[in-house]
There are 2 protein chains.
Amino acid sequence: MTHRDPKILNELESDLRAEGVRITRQRMAILSALAGSADHPTAEELLSRAREKDPSVSLATVYRTLSVLVESGTVLRNEFEGTGARFELADKPHHDHLIDLDTGDVIEFSSKRIEKLQEEIAEELGYDIVYHRLELYGRTKKT
Amino acid sequence: MTHRDPKILNELESDLRAEGVRITRQRMAILSALAGSADHPTAEELLSRAREKDPSVSLATVYRTLSVLVESGTVLRNEFEGTGARFELADKPHHDHLIDLDTGDVIEFSSKRIEKLQEEIAEELGYDIVYHRLELYGRTKKT
DNA sequence: ATTTTAAATGCAAATCATTCGCATAAGCTT
DNA sequence: AAGCTTATGCGAATGATTTGCATTTAAAAT
Ligand SMILES: [Mn+2]
Ligand SMILES: [Mn+2]
Ligand SMILES: [Zn+2]
Ligand SMILES: [Zn+2]
């Protein structure tokens, strides 16, 4: 039941309106479910969380809304191994993920140095990076 | 039609036999298709390449064989964005991939420094990395 | 406040990649 | 060559996501 500053919800809403995105009851429910999630929920998980706000939300709408939000840059879609896609609000600075193979926990981290090296590598190959994906899969060090 | 030293095929076969893996006509066809591929083919692509050697191969067998080969460490399965899984022989040293968003081309690269930094990050978080995935998606620098 | 109109929704059916069940075929060991 | 065990082809089942369509609804226009 962790959740961050609800003010963000209003900001999200007005930003979306400004972009010409229609705000519906179910979109608000989904957005609010996202804003209230500290983890990286799947579409199904978001469905049940959104239904607490608005029981009428359907899975198809969750997927369609997520597509809209991803395209508007409001949400990030992660495709970790094993499960279906996992989503998160794109309101934090860029980071990558470490997935705990035993618990499924997703830990966020970021390394300026790795980001830099990626750029250098792409540069050497004559490419501009549009986006990237870095995932570490591991287990807690047994002492 | 690029392909590497065919001697590798024999090595692959004997290694697999040594592990107790049964060698069938279709498995050889698939193995040979893999050994003869310089790119990162999908299961469907491997199916048609394997069928040049043995027309009887079925898609189910391609998948089943790939599972066996992945589990034996002979083959690597990559899940890039967009398409289905893409496979490659695990006979090269570890490397990561840069995917050309315009052409779909997959370019291999490796960075000792990035690998090292990943270890350090995991270490700090109290984890041992079991494996990881690093993919850069980009387009050729427009001059 | 009411009408209008394009866009969003719910539902079920359709996709797509991958896996499975089962009857038959084929490796490997003896 | 025979027997036991595993692999194969086929088609059906799966799981996640998308889509068609009739209906509702947000938001623009009266
Ligand atoms: Mn995250
Ligand atoms: Mn590769
Ligand atoms: Zn990153
Ligand atoms: Zn690597």
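Every chain is numbered from 1, with letters handed out A, B, ... down the list of sequences. This is a predicted model, so every value here is computed, not measured.
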Asks: Rounded to the nearest Å, what distance is computed from the CD atom of residue B/Glu71 to the P atom of nucleotide C/dT19?
Replies: 10 Å
Asks: Does any donor atom in the side chain of A/Glu45 or A/His40 lie under 3.5 Å from an acceptor atom in the other side chain?
Replies: no
Asks: Would you tell me if any nitrogen or oxygen in the side chain of A/Arg27 comes within less than 4.0 Å of OP1 or OP2 on C/dA8?
Replies: yes
Asks: With a 4.0 Å cutoff (strictly under), does any side-chain N or O of B/Ser56 reach OP1 or OP2 of D/dG9?
Replies: yes
Asks: Ring centres of A/His97 and B/His132 under 6.0 Å apart?
Replies: no
Asks: Return no unless some side-chain N or O of B/Thr42 is found under 4.0 Å from OP1 or OP2 of C/dA17.
Replies: no
Asks: Verify the distance criterion only: is there a donor paired with an acceptor across the side chains of A/His94 and A/Glu108 at less than 3.5 Å?
Replies: no
Asks: Between C1' on C/dC28 and CD on B/Glu13, what's the gap in Å once rounded to a whole number?
Replies: 14 Å
Asks: When the distance from CD of B/Gln26 to P of D/dT8 is rounded to whole Å, what number comes out?
Replies: 5 Å
Asks: Select from B/Arg86 and B/Arg25 the residue whose nearest nucleotide in DNA chain C is closer to the 5' end of that strand.
Replies: B/Arg86
Asks: Find the distance A/Leu47:CG to D/dT17:C1' and express it as a whole number of Å.
Replies: 13 Å
Asks: A/Thr83 near the nucleic acid: base, sugar-phosphate alone, or nothing, with a heavy-atom cut-off under 4.0 Å?
Replies: nothing
Asks: Within residues 57-67 of chain B, which residues have any heavy atom lying less than 4.0 Å from an atom of DNA chain D?
Replies: B/Val57, B/Ser58, B/Ala60, B/Thr61, B/Arg64
Asks: May I have the distance from A/Met28 (atom CE) to D/dT25 (atom P), rounded to whole angstrom?
Replies: 18 Å
Asks: Within this structure, what is the CZ-OG1 distance for the pair B/Phe87 and B/Thr74, rounded to the nearest 0.5 Å?
Replies: 13.0 Å
Asks: How many whole angstroms separate atom CD of A/Glu44 from atom P of D/dG15?
Replies: 11 Å
Asks: Less than 4.0 Å between a side-chain N and a carboxylate O, is that true for A/Arg139 and B/Asp128?
Replies: no
Asks: Are A/Glu79 and A/Arg86 close enough for a salt bridge, meaning some N to O gap below 4.0 Å?
Replies: no
Asks: Between B/Arg77 and B/Arg17, which has a closest nucleotide on DNA chain C that is more 5'?
Replies: B/Arg77
Asks: For the pair B/Arg17 and B/Glu19, find out whether any cationic side-chain nitrogen is under 4.0 Å from an anionic carboxylate oxygen.
Replies: no
Asks: Output the rounded distance in Å from CG (A/Leu16) to P (D/dA27).
Replies: 11 Å
Asks: Roughly how many Å is it from CD1 in B/Ile30 to C1' in D/dT8, rounded to a whole number?
Replies: 10 Å
